[in-house]
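Comments concern the structure below.
Every chain is numbered from 1 and lettered A, B, ... according to where its sequence line falls, protein lines coming before strand lines. Hydrogens, waters and symmetry mates play no part in the numbers below; they use all other heavy atoms, side chains included.
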2 protein chains.
Amino acid sequence: MEIPEVVILRLPMYVRALKQINKTDFKLVSSQELGKLLSITPAQIRKDLSYFGRFGKQGRGYNVNYLLDELKQVLKLDKQWNACIIGIGTLGRAIIRYPGFGPAGFDIVAAFDSNINLVGQPIRKGLIIQPITELCSTIKTNNVSIGIVAVPAENAQAVIDSLASCGVKAILNYAPISPFTHNGIVIRNIDPTLALQSMTYYLD
Amino acid sequence: MEIPEVVILRLPMYVRALKQINKTDFKLVSSQELGKLLSITPAQIRKDLSYFGRFGKQGRGYNVNYLLDELKQVLKLDKQWNACIIGIGTLGRAIIRYPGFGPAGFDIVAAFDSNINLVGQPIRKGLIIQPITELCSTIKTNNVSIGIVAVPAENAQAVIDSLASCGVKAILNYAPISPFTHNGIVIRNIDPTLALQSMTYYLD
DNA sequence: TAGATTGTTAATCGATTAACAATC
DNA sequence: TAGATTGTTAATCGATTAACAATC
């Protein structure tokens, strides 16, 4: 069965909310309550979950811990994922320092830049800037599944193409472009400027 | 006429693509070409644009410069916008250093933190960390329209509520929560971890 | 048992796309 | 004029929601 992408995009929000509830001593949660927490209708939550199994009990709701574990498994969050980053400028360094990836199970294990002068520079323990020529070999030997793109807009598409040809199947793109995507490759774009520009419409 | 939010979310992508074309010497662009550039169907582009006016010429396409100007006006991008940021930790500092906002016409003109020890610390020219108690007054005297939230998850909702009560109408939230939104306030959430977690589903 | 809430189907709603007359 | 492409309507597609039997 082909599961709609919108559904997949909501699952991590469920995981996040369940983790939060898990810190309290509530053991059960209803679609009603979860929906209120996330501003999503209970019907939608039940429908979304029903794509993956029957996790609830009528009359009671969902066991928080159990549902959390199941969703983590669905999203394959029960393991560690290795990522590499390309482009070690201001933005790249900020991404490397971003405190949210590690706790979520994502490790940046390699860093690349096309500027030869940066090569060899240490970023933090165990992370040294490598030349971009080593991209494919490092990806393969270090079991890297995710590429993070932090190069200027002009070079972003080429880097994405390289990642794809090296066998990377998931790309987090910070460059302000609408990338052409390759078959079988998922891309998510992070563009705070675009987000701001879509809000000013509502301002006066 | 109520314009669908999905349409508003696409307009900045059109602006971005048009700016790019504008650097070349193409003076005209068809919905076909623009669509190829953005991986969007030509029909959708024409439909989206038709909400705001008739910008094209049959048989020729759209004048790049003209369409760009019109869209900038629609999105109110033809002026400078002032933003403030709350939470000057690792993440907050990275956001302040983010090189994409300035060129797009967004200025971070004030910085706040609840930690008294940080207050008074200079961040960059003209930007000194202020106590959060000064939030409302600074927003009003400095004509701040946008709030950028970079505090820990636990405090994010409270900060968003404060911003709302100070009259801020647009919020860019970097905290990993699903905020409750107030009436008449737009929020966009930036959460790279969520983006990664929705990609691992497709990996093996 | 009575009350509550799931899982699922069918109805609704909204967004995307195809098609084409208008016209540059 | 012939060719191309818009703007717009109607058809299609897909996602959300309402409703309710099943059942804890």
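- Distance CG (B/Leu9) to P (C/dA15): 11 Å, rounded to an integer number of Å.
- Distances shorter than 4.0 Å separate some side-chain N or O of B/Tyr62 from OP1 or OP2 on D/dG7.
- B/Leu34 has its CG atom 13 Å from the P atom of D/dT5, to the nearest Å.
- Of the N and O atoms on the side chains of B/Asn173 and B/Asn189, at least one donor lies less than 3.5 Å from an acceptor on the other residue.
- With rounding to whole Å, B/Glu33 atom CD is found 13 Å from D/dA4 atom P.
- In this structure, A/Pro4 reaches the sugar-phosphate backbone alone: every heavy-atom distance under 4.0 Å involves primed, P, OP1 or OP2 atoms, never a base.
- Annotation for B/Leu75 and B/Val15: closest pair CD1-CG2, 4.0 Å, computed over non-hydrogen atoms.
- Residues passing the ring pair (Phe, Tyr, Trp, His ring centres under 6.0 Å) test with B/Tyr201: none are found, sequence neighbours excluded.
- Ion pairing of A/Asp48 with A/Arg10 is present here, as a side-chain N (NZ or NE/NH1/NH2) and a carboxylate O approach within less than 4.0 Å.
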Dot-bracket notation for DNA chain D is requested: 5' to 3', Watson-Crick or G-U wobble pairs only, both distances under 3.5 Å, with ( ), [ ], | and . as defined. ..||||||||||||||||||||||
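- In this structure A/Glu5 satisfies the salt bridge (Lys or Arg N to Asp or Glu O under 4.0 Å) test together with A/Arg188, sequence neighbours excluded.
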Could you walk me through whether B/Val186 and B/Lys169 pass the side chain to side chain contact (heavy atoms under 4.5 Å, CB included) check? CA-CA 6 Å; B/Val186 221; B/Lys169 294 272 180 288; 5.7 Å; no
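- At a cut-off of 3.5 Å, with distance as the only test, a side-chain donor of A/Arg16 or B/Ser178 sits close to an acceptor on the other residue.
- Residues passing the side-chain hydrogen bond (donor to acceptor under 3.5 Å, both in side chains) test with B/Asn115 are B/Asn117, sequence neighbours excluded.
- B/Gln157 and B/Asp161 share a donor-acceptor pair across their side chains, judged by distance under 3.5 Å alone.
- A donor-acceptor contact under 3.5 angstrom links the side chains of A/Arg46 and A/Ser31, judged on distance only.
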Using a 4.0 Å heavy-atom cut-off, write out nucleotides 16-24 of chain D from 5' to 3' as B (base contacted by protein), S (sugar-phosphate only) or - (no contact). SBBB--BBB
Take B/Asp204 and A/Lys76 through the test salt bridge (Lys or Arg N to Asp or Glu O under 4.0 Å) and record every step on the way to the result. CA-CA 8 Å; B/Asp204 32 41; A/Lys76 309 209 180 78; over 6 Å; no
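- DNA chain C is contacted by A/Ser30, A/Ser31 of residues 24-32 of chain A, taking any non-hydrogen atom closer than 4.0 Å.
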